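When a ligand or atom number is given, it counts from 1 through the structure's own listing order. Hydrogens, waters and symmetry mates are skipped; everything else that's a heavy atom, side chains included, is used. What you see is a predicted model; the values in this text were computed from it and never measured.
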Amino acid sequence: MLNARIKKEFKTKGRVSFSLDASFTVRRGITVLFGPSGSGKTTILRSIAGLVGPDEGRIELDDHVFFDSSTGSNLPIQRRRVGFVFQDYLLFPHLTAVQNVAYGIRSATSQERCGRAIELLNLLGIAHASGRRPHQLSGGEQQRVALARALGSDPAILLLDEPLSALDAATRLRLLGEIVELQRKSKIPFVYVTHSPADAIRVGDSALILNAGRIVMEGNPSEVFNAPRDSAVLEAVGSENILVGRIQDHNENEGISTIDLAGCELVIPYTALAKATPVTIGIRSDDIIVSRERIGQTSARNMLEGTIKQIVQDGQQVELMTACGVNLKVRVTPQAVAALELGPGVKVYLLIKASSCHLLS
Ligand code: ADP
Ligand code: MG
C-alpha cells in the first residue's frame, strides 16, 4: 500500500504558476490517476519515483518511507524500487531489446541478467524481437520492451504515465488487456495515468480524479465517471457516460446488437463482434431523454427504469445522477428540473436511441 501526501509549487517568473496538494492511498490492483492535461498527474508520479522533490509531505510504500519533509528523509531513486513506464518509451537506441531489459536487472552475472530479460520478453510476447534495436520495433513492441524493462528492476510498485498514447487504436486496446494481465501476474500495485475515460474504466480497479492539482474524487471507476459527486468532478470527467459490458446478441436484419451491462441491457447499432466480446460504450449525457412516466410507443430502442440519486448543477446545466441498473448521468435544463419536479429519489425512465450508443472499443 502506498500512502502519499504531496505538496509542490512551481513558480514562473517568481509567481506560483501551479500548485499541487494531493493526499491519496494506492491499494492493490490498478489505480487509475485521471485528470485533464496540466492537472499534475506526471508531477505526482515523478514525486513517487523520486524525480521531483515535494516541498512538503510524506510518501510511504508499505513500511518504507520514501520521503518525509518533517524528518528530512528522502530516499534516492534507486532505493525506492519503483518501476516507471513513460509515454514515449525512452529505450536506449544503441541497445537491443534484450539488452534494454537486462540493463535494469540487478542480478549478479550477465548470464543471469540475460536469462531473466528473455523471461520477461517472453511474458510480454516479444521474445522473437529480442535481438532487435528500438528502431527495428513497432510502437507496440517498443512499449512492451519498456514494460519488460520496468518490471526487470523487480519493483514494488509500477507507475505508468500515459503509456499507450503514442499507439494506434488496435494496438492500444491489445496492450490495455495485456497490462491488466501483467498486473494480475506480478501482484504489485500499478498506478496508471491516463486522460482517456474509456481506458480508465477499462483498466482501473479504482480511480483517483485530479483537477488543478487537487484530488476531487476517488472510488470505483464507473461510480466516479458516471456518477460524479459535484461540479469539480464533472468538469474533470466530462459529460460522457462510459459503460463496460459484453456483446450478448445480434439481430443483423434489424441492424442492432444487444449489450449485457451486468445490471441491464442496451441496444446499440449492429456490430460484427463475436458474442461475449468485452466492449466499452459511450453515451453523451445530453443524448438521454428523461421521462417521469413509462412511454408505450417510442422510436427509442432503449428505455431504462431507475431513480435519481443526486443532482449536480454546473452553471446553466444540470446533470442528474441516476441509477438505472447502471449509473448514468443525464443532462437536462433547470426548466426541465422544475417542470418535471425532478429530485433525489424520484423514479424516472431514460430513453436512449440505439444510435446514441457509441462503441468506443
Ligand atoms: P499532467 O501530467 O497532468 O499533464 P504535469 O504534472 O506535467 O501535468 O504538470 C502540471 C503543471 O505543472 C503544468 O502546468 C506544468 O506546466 C507545470 N510544471 C510541470 N513541471 C514543471 C517544472 N519543472 N517547472 C515549472 N512548471 C512545471
Ligand atoms: Mg503528464
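- For the residue pair Ser19/Arg214, the side-chain donor-acceptor check at 3.5 Å is satisfied.
- Within the 4.0 Å heavy-atom cutoff, Ser17 does not count among the residues contacting ligand 1.
- The Mg ion (ligand 2) does not have Ser37 among its coordinating residues (no N/O/S atom, backbone or side chain, under 2.8 Å).
- The only option from Asn251, Leu266, Thr271 that meets the side-chain contact (heavy atoms from CB on, under 4.5 Å) definition with Ser257 turns out to be Thr271.
- For the side-chain contact (heavy atoms from CB on, under 4.5 Å) criterion with Leu164, the lone passing option out of Ile179, Thr194, Val203 is Ile179.
- Closest of all the heavy-atom pairs between Arg133 and His94 is NE-O, 3.0 Å.
- Nearest protein heavy-atom neighbour of atom 23 (N) of ligand 1: Phe10 CE2, 3.6 Å.
- Residue contacts with ligand 1 include Ser37, since one or more of its heavy atoms lies under 4.0 Å from the ligand.
- Between Glu119 and Arg116, at least one side-chain nitrogen of the basic residue sits less than 4.0 Å from a carboxylate oxygen of the acidic one, meeting the salt-bridge criterion.
- Ranking protein heavy atoms by distance to atom 6 (O) of ligand 1, first place goes to Thr43 OG1, 2.5 Å.
- Between Asp68 and Arg58 there is a salt bridge, since at least one side-chain N of the basic residue sits less than 4.0 Å from a carboxylate O of the acidic one.
- Within a 4.0 Å radius of atom 15 (C) of ligand 1, the protein contributes no heavy atom.
- Residue contacts with ligand 1, taken as heavy atom pairs separated by less than 4.0 Å, involve Pro36 solely via the backbone atoms N, CA, C and O.
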